[in-house]
Protein chains: 2
Amino acid sequence: MGISDVIAGFIQEALDDADGVLELQRGDLAQRFNCVPSQINYVMSTRFSPEHGYIVESRRGGGGYIRITRVQVDRQTLMMHVINSIGDTLDYPSARAILTNLAQSEALSVEVATALLTAVSEGALRTVPQEKRDALRADIVKQVLIHFV
Amino acid sequence: MGISDVIAGFIQEALDDADGVLELQRGDLAQRFNCVPSQINYVMSTRFSPEHGYIVESRRGGGGYIRITRVQVDRQTLMMHVINSIGDTLDYPSARAILTNLAQSEALSVEVATALLTAVSEGALRTVPQEKRDALRADIVKQVLIHFV
DNA sequence: AGCAGAAAGGTCAGAGATAGTCAAACAAAA
DNA sequence: TTTTGTTTGACTATCTCTGACCTTTCTGCT
């Protein structure tokens, strides 16, 4: 088990204690585990990505921090199911179908579903090369849904 | 937490007590928090910008002051103002400030604001080349906001 | 009125403190 | 052996704090 796993475990525990939201300093953590600071970035991107159910925000400069939020996971298996069913790409009609479904089954409010659909519409993504839109759409939808689970 | 956050917190509280309008002296504040006066300017420009929902006016000379006003406008106006204020690019911290502000002033529900913020987070857009993210983020946010006016 | 000095606030660039990126070296797994 | 995952460190980006210098306004004196 490498150092990345140890760090990830430490953060998981701290998140449990802290009720799902944790703010820490990259330098501190690096020192505590005797590794280079960028190792923390690696851990964040491989263990606390949106797919894993976390949101990571940060700030540089004096008093900087990394904030990790674990999204609630107990509410809807439906959501998880939907999320898992979304592959690496998602075209607009499929997105529309999925979101309409979720709204109809009241897993999402109509407002949220509409907002999200608009966010991934061809219009909103028009500056993204055609061939990359579906991948991006999948990312965005998954991330938002994960956030709402 | 740095001194800027402390000062900002103090001002927020004072604004609450004072019903949204506050007049204070730069030198006084600096002395109270034991910092250089220009630190106050820094706090103004980073924490009380129009983007955050404040108007800051000031006057020099004897009896000079800094006046901070928390703005409250009707939903339509606020939305239009916000949409117009978004240029061709929008970084994540700005998006967060804008959406937090819209949620606080109840122009958007917390759910929608959160969903949109997640949709334009660095995580969700990670497959988009760094240099194109801010432009895309601006597009998405504007498109969704227009949809909600 | 005109002017000088005092009493504010403003600007900007540099130093310090954090965090992020990326690619190369290394290690583990298939 | 090929592929995938991990670790490192040099370089970069961003946020905060400070101080020297600048501009505006007020007040009192002539």
Side-chain angles (χ1 to χ4, degrees), chain A residues 1-11 22-52 54-69, chain B residues 1-11 22-52 54-69 89-97 121-134 137:
Chain A
M1 199 167 72
I3 189 72
S4 285
D5 291 313
V6 177
I7 296 173
F10 171 82
I11 292 174
L22 182 62
E23 215 173 279
L24 41 78
Q25 294 205 290
R26 190 179 77 148
D28 278 2
L29 206 53
Q31 246 186 332
R32 183 196 299 260
F33 292 102
N34 202 33
C35 65
V36 294
S38 58
Q39 178 90 43
I40 306 302
N41 296 83
Y42 178 71
V43 173
M44 290 303 137
S45 58
T46 56
R47 316 289 211 271
F48 296 89
S49 72
E51 281 84 354
H52 288 87
Y54 300 89
I55 294 168
V56 177
E57 294 165 294
S58 65
R59 224 167 83 178
R60 311 184 187 194
Y65 59 80
I66 295 179
R67 181 167 49 224
I68 308 162
T69 308
Chain B
M1 203 166 71
I3 189 72
S4 286
D5 291 313
V6 177
I7 296 172
F10 171 81
I11 292 175
L22 182 61
E23 217 173 278
L24 41 78
Q25 294 207 291
R26 191 178 78 149
D28 279 2
L29 251 196
Q31 245 185 334
R32 183 196 298 259
F33 291 104
N34 201 33
C35 65
V36 294
S38 59
Q39 178 90 42
I40 306 302
N41 297 84
Y42 177 71
V43 172
M44 291 303 138
S45 58
T46 55
R47 315 289 211 271
F48 296 90
S49 69
E51 214 168 61
H52 288 86
Y54 300 89
I55 293 169
V56 177
E57 299 160 293
S58 65
R59 247 180 99 149
R60 311 185 186 194
Y65 59 82
I66 295 180
R67 179 164 52 221
I68 307 163
T69 310
T89 66
L90 183 67
D91 60 25
Y92 179 74
S94 302
R96 167 178 264 278
S121 66
E122 287 291 304
L125 305 184
R126 71 188 186 291
T127 60
V128 176
Q130 186 89 64
E131 72 275 12
K132 290 185 176 165
R133 273 182 215 167
D134 287 353
R137 181 150 36 221

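Within every chain, numbering begins at 1; the chains are lettered A, B, ... in the order of the sequence lines, protein sequences first and strands thereafter.
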Nearest 0.5 Å, please: how far is [atom2] in [Y] from [atom1] in [X]?
| X | Y | atom1 | atom2 | value |
| --- | --- | --- | --- | --- |
| Arg133(B) | Thr89(B) | CZ | OG1 | 14.0 Å |
| Met44(A) | Tyr54(A) | CE | OH | 10.5 Å |
| Ile7(B) | Phe48(B) | CD1 | CZ | 9.5 Å |
| Lys132(B) | Asp134(B) | NZ | CG | 13.0 Å |
| Glu57(B) | Ile66(B) | CD | CD1 | 11.5 Å |
| Asn34(B) | Ile3(B) | CG | CD1 | 7.5 Å |

* Residues forming a side chain to side chain contact (heavy atoms under 4.5 Å, CB included) with Ser49(A), sequence neighbours excluded ->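 Here the qualifying residues are Glu51(A), His52(A).
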Nucleotide [N], atom [atom2] - distance to [atom1] of [X] in whole Å:
| X | N | atom1 | atom2 | answer |
| --- | --- | --- | --- | --- |
| Asn41(A) | dC11(D) | CG | C1' | 14 Å |
| Glu131(B) | dA13(D) | CD | P | 13 Å |
| Tyr42(B) | dA13(C) | OH | C1' | 14 Å |
| Glu57(B) | dT25(D) | CD | C1' | 17 Å |
| Met44(B) | dT16(D) | CE | C1' | 16 Å |
| Gln130(B) | dA19(C) | CD | C1' | 13 Å |
| Ile40(A) | dT18(C) | CD1 | C1' | 13 Å |
| Asp5(B) | dA17(C) | CG | P | 17 Å |

* Candidate nucleotides dT7(D), dT11(C), dT16(D), ranked by approach to the side chain of Ser4(B) - the nearest ->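 Looking only at heavy atoms from C-beta outward on Ser4(B), the closest nucleotide is dT16(D).
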* Quick one: list whatever passes salt bridge (Lys or Arg N to Asp or Glu O under 4.0 Å) with Glu131(B), sequence neighbours left out. =>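 Salt bridge (Lys or Arg N to Asp or Glu O under 4.0 Å) list for Glu131(B), sorted by chain: empty.
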* For nucleotides 24-30 of chain C, read 5' to 3', which letter fits each nucleotide if B means a protein heavy atom sits under 4.0 Å from the base, S means only the sugar-phosphate is that close, and - means neither? -> -------
* Asked: Tell me, which of residues 23-39 of chain A have any heavy atom that sits under 4.0 Å from an atom in DNA chain C?
  ->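 Residues of residues 23-39 of chain A that come under 4.0 Å of DNA chain C are, in numerical order, Gln25(A), Arg26(A), Gly27(A), Ser38(A).
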* In residues 59-67 of chain A, which residues come under 4.0 Å of DNA chain C by heavy atom? ->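 Residues of residues 59-67 of chain A under 4.0 Å from DNA chain C: Arg59(A), Arg60(A), Gly61(A), Gly62(A), Gly63(A), Gly64(A), Tyr65(A), Ile66(A).
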* Asked: Under 4.0 Å between a side-chain N/O of Ser58(B) and OP1 or OP2 of dG10(C), yes or no?
  ->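 Yes, such a contact exists.
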* **side-chain contact (heavy atoms from CB on, under 4.5 Å) between Val56(A) and Glu122(B), intermediate numbers included** => CA-CA 9 Å; Val56(A) 177; Glu122(B) 287 291 304; over 6 Å; no
* Taking Arg137(B) for its side chain and Ala95(B) for its backbone only, find out whether a donor-acceptor pair lies under 3.5 Å. =>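 No, the answer is negative, given that no donor and acceptor are paired below the 3.5 Å cut-off.
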Side-chain donor-acceptor contacts of residues 25-33 of chain B below 3.5 Å, not counting sequence neighbours, with atom names and distances?
| residue | atom | partner | partner atom | Å |
| --- | --- | --- | --- | --- |
| Gln25(B) | NE2 | Gly64(B) | O | 2.7 |
| Arg26(B) | NH1 | Asn41(B) | OD1 | 2.6 |

